[in-house]
Amino acid sequence: MRADTSAAISRRRLLALVSAWHLPKDEDSHLAMTTVVSELVTNAVSHGAGDLLTVTVRADIGRSRLLIEVHDSSPVPTPEP
């Protein structure tokens with residue numbers, strides 16, 4: 001659900017997921033993860049359409065990367081800048 005609390009909820013869920021996956025993290029990676037998910041979710045809440053947001057997180061352990069995607073429920077594609 002799109003709400004003012006969406007970014008905070010997404011940060012908590014991301015950190016819980018990273019912990020459940022036993023992924024290594026330090027202060028820098030913690031800050032990077034929480035900043036990225038906060039910015040993406042805040043932008044989707046502010047500028048997106050539809051009632052729901054979906055946050056997808058994928059881990060690529062071999063490359064030490066997380067892929068974080070945020071989608072809204074609007075059927076209309078976002079215009080290219």
Side-chain angles (χ1 to χ4, degrees):
M1 178 70 71
R2 295 163 51 105
D4 292 340
T5 57
S6 295
I9 292 167
S10 296
R11 283 192 304 273
R12 282 194 304 273
R13 289 183 178 175
L14 174 63
L15 293 174
L17 183 60
V18 167
S19 291
W21 285 348
H22 303 288
L23 298 177
K25 68 178 192 267
D26 57 20
E27 189 174 320
D28 290 338
S29 63
H30 179 276
L31 179 61
M33 287 184 292
T34 56
T35 300
V36 167
V37 80
S38 291
E39 289 293 320
L40 292 174
V41 170
T42 298
N43 286 342
V45 168
S46 299
H47 306 292
D51 292 332
L52 296 177
L53 293 177
T54 302
V55 178
T56 303
V57 180
R58 295 185 192 118
D60 183 344
I61 304 301
R63 298 173 98 182
S64 299
R65 293 183 182 178
L66 283 181
L67 173 65
I68 302 170
E69 299 175 324
V70 178
H71 301 273
D72 63 21
S73 59
S74 172
V76 178
T78 304
E80 294 287 327

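Counting all heavy atoms, side chain and backbone alike, Val37 lies closest to Ser10 at CG2-CB, 4.0 Å. Across all their heavy atoms, Leu53 and Ala44 have their closest contact at CD2-CB, 3.5 Å.
When hydrophobic clusters are built by joining Ile, Leu, Val, Met, Phe, Trp and Tyr residues whose side-chain heavy atoms come closer than 4.5 Å, directly or via intermediates, Val57 is not grouped with Leu31. Note: the hydrophobic cluster containing Leu14 does not contain Ile9 (ILVMFWY, side chain heavy atoms under 4.5 Å, direct or indirect links).
Of the residues listed (Leu15, Leu17, Leu23, Asp28), the one engaging Met33 in a side chain to side chain contact (heavy atoms under 4.5 Å, CB included) is Leu15, and it is the only one.
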- [ ] Given side chain to side chain contact (heavy atoms under 4.5 Å, CB included), test Lys25 with Val18 step by step and report yes or no.
- [x] CA-CA 8 Å; Lys25 68 178 192 267; Val18 167; 4.2 Å; yes
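Listed for the Ser6 side chain is a donor-acceptor partner under 3.5 Å among the backbone atoms of Ala3. One N or O on the side chain of Ser29 and one on the backbone of Asp26 form a donor-acceptor pair closer than 3.5 Å.
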Would you tabulate the side-chain donor-acceptor contacts of residues 59-71 under 3.5 Å, counting partners in other chains and residues two or more places apart, or write 'none'?
residue, atom, partner, partner atom, Å
Asp60, OD1, Gly62, N, 3.4
Asp60, OD1, Arg63, N, 3.3

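Considering only heavy atoms from C-beta on, His30 comes within 4.5 Å of Thr34 through its side chain.
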